[in-house]
**Q** 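For reference, the structure I am asking about is given below.
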Amino acid sequence: MDTRFLGIPELTEVPSVAVVVDVMRAYTVAAWAFAQGAEKIVLAGSLDEALALKAAHPTWVALKDGPPAPGFDAVNSPGLLRSTDLGGRTVVQKTTAGTVGALAVKDASLVLCASFVVAEATAEVLRTRGGDSITFVVTGEDGRADEDLACAQYIARRAADPRTEATEYLTRAADSRAAHELTEGIREGVHPDDVSLCLELDRFPFAMLATSEESLMTLRRYEGSTP
């Protein structure tokens with residue numbers, strides 16, 4: 001299996017299979033949204049697009065990075081979202097890096113969005129459908145975010161060898177700049193449990209599959225081996 005680990009600016013061609021990784025916090029939050037009952041997540045390209053989608057669909061739940069803002073229902077925090085009932089709802093998500101990375105590879109034949117909380121389920125899809133070439137999109141810090149790179153490398157190695165242990169990868173993520181900024185309150189819209197929730201390995205049994213639906217990039221939970 002040929003694997004590449006690229007930052008968003010390094011994506012010069014459309015990959016056949018892409019795994020978009022954002023540990024802290026976009027794709028941990030997305031997994032929690034599905035766990036709280038969300039039917040699907042629409043990935044918005046801008047804050048204005050997210051607000052326009054919310055205005056057109058008032059029952060949708062719009063969330064963003066940073067502090068609360070008019071027009072948005074929630075912020076990109078797993079600790080804050082985990083108490084929200086999203087049964088049957090559609091979520092509109094716009095984040096600094098995670099959603100940008102997914103939209104950058106929207107034309108790939110298979111797009112998975114991932115974090116540690118869905119690592120094994122993601123690796124299982126790659127074992128069955130990954131093919132010979134997989135591009136991991138390391139979204140944070142233009143590809144330098146160690147929590148995202150560690151998670152991407154763990155999923156890649158786990159897909160190739162299910163005996164791969166997670167300890168060293170989780171340790172790197174816990175020591176990352178993003179983890180420090182969340183812990184120290186440097187970022188806004190943060191719950192004290194966010195870092196620990198982002199490091200819960202395989203909390204959820206599903207992968208997250210992104211597809212184009214009616215011109216929108218839509219994320220859905222996937223449980224099985226053939227998307």
Side-chain angles (χ1 to χ4, degrees), residues 1-8 10-23 26-35 38-43 90-91 93 95 97-140 143 145 147-166 169-170 173 198 200-227:
M1 184 184 298
D2 176 39
T3 56
R4 298 186 299 167
F5 303 91
L6 302 177
I8 297 170
E10 299 172 300
L11 293 166
T12 58
E13 59 186 29
V14 178
S16 57
V17 176
V19 181
V20 186
V21 181
D22 189 325
V23 172
Y27 296 130
T28 300
V29 167
W32 270 100
F34 287 125
E39 178 183 353
K40 63 182 179 179
I41 299 173
V42 175
L43 305 178
T90 293
V91 173
Q93 186 180 34
T95 70
T99 57
V100 176
L103 290 166
V105 293
K106 62 183 177 64
D107 294 325
S109 60
L110 177 64
V111 180
L112 299 166
C113 295
S115 62
F116 281 112
V117 297
V118 293
E120 177 56 30
T122 304
E124 176 60 24
V125 176
L126 295 179
R127 290 183 200 115
T128 57
R129 288 292 303 273
D132 296 328
S133 179
I134 301 169
T135 296
F136 287 85
V137 183
V138 181
T139 60
E147 74 281 2
D148 293 339
L149 181 58
C151 184
Q153 290 172 337
Y154 172 69
I155 292 172
R157 291 172 188 176
R158 186 82 181 181
D161 182 359
R163 297 169 298 178
T164 301
E165 295 291 334
Y169 304 98
L170 291 168
C198 290
E200 285 192 325
L201 184 67
D202 300 330
R203 171 75 188 240
F204 304 114
F206 53 81
M208 297 187 294
L209 178 68
T211 57
S212 294
E213 298 181 16
E214 299 179 355
S215 77
L216 297 173
M217 190 71 166
T218 300
L219 192 61
R220 293 183 183 271
R221 62 185 286 169
Y222 171 75
E223 298 176 72
S225 60
T226 308

**Q** Is a side-chain N or O of Thr95 found less than 3.5 angstrom from the main chain of Gly98, in a donor-acceptor match?
**A** yes
**Q** Does Asp22 offer a backbone N or O that forms a donor-acceptor pair with the side chain of Ser115 under 3.5 Å?
**A** no
**Q** To the nearest 0.5 Å, what is the distance between CD (Glu165) and CG (Leu201)?
**A** 9.5 Å
**Q** Between Trp32 and Phe204, what is the ring plane arrangement, given parallel below 30°, perpendicular above 60°, and tilted in between?
**A** perpendicular
**Q** Thr164 and Arg157: side chain to side chain donor-acceptor pair (under 3.5 Å), yes or no, with the steps?
**A** CA-CA 7 Å; Thr164 301; Arg157 291 172 188 176; over 6 Å; no
**Q** How long is the gap from OG on Ser212 to CG on Leu103, to the nearest 0.5 Å?
**A** 9.0 Å
**Q** Nearest 0.5 angstrom please: Leu112 CG to Thr122 OG1, how far?
**A** 6.0 Å
**Q** Contact between Met208 and Phe34 at the side-chain level, heavy atoms closer than 4.5 Å - yes or no?
**A** yes
**Q** Charged N to carboxylate O under 4.0 angstrom, Glu120 versus Arg127?
**A** yes
**Q** List for me each residue that meets salt bridge (charged side-chain N to carboxylate O under 4.0 Å, His left out) alongside Asp161, sequence neighbours excluded, and say none if there are none.
**A** Arg163
**Q** Can Gln93 and Val29 be said to form a side chain to side chain contact (heavy atoms under 4.5 Å, CB included), step by step?
**A** CA-CA 9 Å; Gln93 186 180 34; Val29 167; 4.0 Å; yes
**Q** Given side chain to side chain contact (heavy atoms under 4.5 Å, CB included), test Thr28 with Phe116 step by step and report yes or no.
**A** CA-CA 8 Å; Thr28 300; Phe116 281 112; over 6 Å; no
**Q** Show the nearest heavy-atom pair for residues Glu10 and Gly7, with the distance to one decimal.
**A** OE1-N, 2.6 Å
**Q** Checking side chain to side chain contact (heavy atoms under 4.5 Å, CB included) for the pair Leu219/Thr211: CA distance, chi angles, key distance, verdict?
**A** CA-CA 7 Å; Leu219 192 61; Thr211 57; over 6 Å; no
**Q** Set out, in order, the CA-CA distance, both residues' side-chain angles and the distance that settles side chain to side chain contact (heavy atoms under 4.5 Å, CB included) for Leu6 and Thr135, then state yes or no.
**A** CA-CA 7 Å; Leu6 302 177; Thr135 296; 4.0 Å; yes
**Q** What is the distance from atom CZ of Arg4 to atom OG of Ser133, rounded to the nearest 0.5 Å?
**A** 5.5 Å
**Q** Classify the ring geometry between Phe136 and Phe5 as parallel (under 30°), tilted (30 to 60°) or perpendicular (over 60°).
**A** parallel
**Q** Examine distances only and state if a side-chain atom of Asp148 and a backbone atom of Val23 form a donor-acceptor pair shorter than 3.5 Å.
**A** yes
**Q** Heavy-atom count around Asp132 CG within 6.0 Å, excluding the residue itself: above 12?
**A** no
**Q** For the atom pair CE (Met217) and SG (Cys113), what is the distance rounded to the nearest 0.5 Å?
**A** 6.0 Å
**Q** Does atom NZ of Lys106 have more than 12 heavy-atom neighbours from other groups under 6.0 Å away?
**A** no
**Q** Should Arg220 and Glu213 be marked as a salt bridge (charged side-chain N to carboxylate O under 4.0 Å, His left out) after you check the CA-CA gap, both sets of side-chain angles, and the distance that decides it?
**A** CA-CA 11 Å; Arg220 293 183 183 271; Glu213 298 181 16; 3.0 Å; yes
**Q** Rounded to the nearest 0.5 Å, how far apart are CG of Leu209 and CG of Leu110?
**A** 6.0 Å
**Q** Given Val137, which partner from the list Val111, Val21, Ile8 fulfils the side chain to side chain contact (heavy atoms under 4.5 Å, CB included) test?
**A** Ile8
**Q** If you look at every heavy atom in Tyr27 and Ala114, which pair is closest and at what distance?
**A** CB-O, 3.5 Å
**Q** Regarding Glu124 and Arg158, does a basic nitrogen lie under 4.0 Å from an acidic carboxylate oxygen?
**A** no
